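Remember, it's a predicted structure, so these values are computed and weren't measured experimentally.
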Amino acid sequence: MVGSLCTVTADGLPLAVPVAYSLDAAGNPVLQLVAGSAEASALQASRRCSLLVQPASFPARSLGSVALQGAAAAADGQEGAPSGSCLVTLAVDGATYYGGLDAPVVVLGAQPGQCYAAAADGQEGAPAGRCLVTLPVDGATYYGGLDAAAHGLAVPGEEYHAAEPDLLRQSASTLINTWNSERAEDIYRIVALQLGVPLIEMLYAELLWVDRLGMYVRAEVLGRQPAVVRVPFHRPVLDERDARSVVTMASHISWEADRKYVPPPLPTPTPAGSNN
């Protein structure tokens, strides 16, 4: 299960990060943190924290969410933690419930004064009993990549504001469905070349996401643990049509590599004026 852990950093700023968790016998969350991460350091400075949890799927997800409050402490059974991680138990001493299908949907539920927020324009558009708050972003922390390649990557405010939406965001689902259902062998070949393994050793490959710079594929290779692989494109794509072209080219290159294809030599040009 995944929740949002909320802590306070050494400079006094609130920090919310996605964390994997399970429940112990008493019902307390056991969090899996990256050792030495910003959230782990924050908990060393102050054990008080909050964990926002909610069902992972609909329709249960619509029923609401719960913020669990308490103090964190090192959990028993650290030997069960993945390499580079530590386990922390949140001893729950309170909870705040948000939800119910009859509850109004609130996009931003901050209170005035939190997170250096300021009252927003257009308060007349807020639901009854609510207020709108603007959060001027001066920095961000990125957790992501389906291959979990980025954990706590600091993004300066100017980069955040200069960022543009990925041009394949609207067509990605269509491309994924098409390639997985109609061109699955292409995906197998491309990942095999990326991993440097023979095609025959590819047990499974499924395209998970695509963007203008590349794609994420869940792959399983003979003798290895399943993993999510990032396959970069040889250049940024320009649009959906160009993405199809780039993947077709990548598939062709991987086919040639798998078959050890050597193109025939070009014929030698005949010199001008020769009778032969």
Side-chain angles (χ1 to χ4, degrees), residues 2 17-18 34 37-38 84 137-269:
V2 177
V17 302
V34 175
S37 62
V137 177
D138 55 17
T141 306
Y142 175 65
Y143 296 82
L146 291 174
D147 55 355
H151 186 95
L153 176 65
V155 180
E158 55 270 21
E159 292 187 15
Y160 169 85
H161 291 288
E164 297 181 358
D166 189 83
L167 53 84
L168 294 183
R169 66 191 185 282
Q170 303 293 344
S171 56
S173 296
T174 300
L175 292 172
I176 292 168
N177 290 334
T178 299
W179 284 328
N180 281 334
S181 61
E182 302 176 11
R183 301 179 58 182
E185 185 176 351
D186 289 350
I187 302 301
Y188 275 67
R189 290 186 183 279
I190 292 171
V191 177
L193 180 62
Q194 176 70 20
L195 296 177
V197 300
L199 180 62
I200 195 173
E201 295 184 9
M202 288 295 305
L203 303 181
Y204 180 75
E206 178 187 3
L207 180 60
L208 299 179
W209 192 251
V210 60
D211 54 61
R212 72 184 187 92
L213 299 179
M215 52 189 180
Y216 289 101
V217 181
R218 185 181 300 280
E220 185 173 351
V221 178
L222 182 67
R224 302 186 189 181
Q225 290 294 321
V228 176
V229 179
R230 174 68 173 177
V231 181
F233 294 147
H234 69 275
R235 61 168 175 79
V237 300
L238 304 176
D239 51 28
E240 178 183 352
R241 183 177 179 179
D242 191 37
R244 295 177 185 272
S245 176
V246 167
V247 171
T248 298
M249 178 60 69
S251 174
H252 184 72
I253 293 173
S254 60
W255 180 88
E256 291 183 348
D258 180 59
R259 300 298 179 89
K260 296 180 173 55
Y261 173 76
V262 178
L266 296 175
T268 304

Least distance between heavy atoms, [X] atom then [Y] atom:
X    : Y    : answer
V237 : A243 : CG1-CA, 3.8 Å
R169 : D166 : NH1-O, 2.8 Å
D242 : P236 : OD2-O, 4.2 Å
R244 : W179 : CA-CZ2, 3.8 Å
F233 : R212 : CD1-O, 3.6 Å

Taking atom CZ of R235 as the centre, report whether more than 12 heavy atoms of other residues, nucleotides or ligands fall under 6.0 Å from it.
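Yes, CZ of R235 has more than 12 neighbouring heavy atoms, counting only those of other groups under 6.0 Å.
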
Spacing of CZ belonging to R218 relative to CD1 belonging to I187, to within rounding of 0.5 Å:
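It is 14.5 Å, given to the nearest 0.5 Å.
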
First locate atom CG of L175, then atom CG of N180, and finally report the distance between them rounded to the nearest 0.5 Å.
10.5 Å

Heavy-atom side-chain contact between S251 and E185 under 4.5 Å:
no

With a 4.5 Å cut-off on side-chain heavy atoms, are R183 and T248 touching?
yes

Sequence neighbours excluded and cut-off under 3.5 Å, please list the side-chain donor-acceptor pairs for residues 201-210, or say none.
| from | atom 1 | to | atom 2 | distance (Å) |
| --- | --- | --- | --- | --- |
| Y204 | OH | E206 | OE1 | 2.5 |

Here's a test for you: under side chain to side chain contact (heavy atoms under 4.5 Å, CB included), which of V247, I253, V246 qualifies with M249?
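Between M249 and the candidates, side chain to side chain contact (heavy atoms under 4.5 Å, CB included) is satisfied uniquely by I253.
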
Which pairs would a plain distance check flag for residues 219-230, meaning a side-chain donor or acceptor within less than 3.5 Å of a matching protein atom at least two apart in sequence or in another chain?
| from | atom 1 | to | atom 2 | distance (Å) |
| --- | --- | --- | --- | --- |
| R230 | NH1 | D211 | OD2 | 3.0 |
| R230 | NH2 | D211 | OD1 | 3.0 |
| R230 | NH2 | D211 | OD2 | 3.3 |

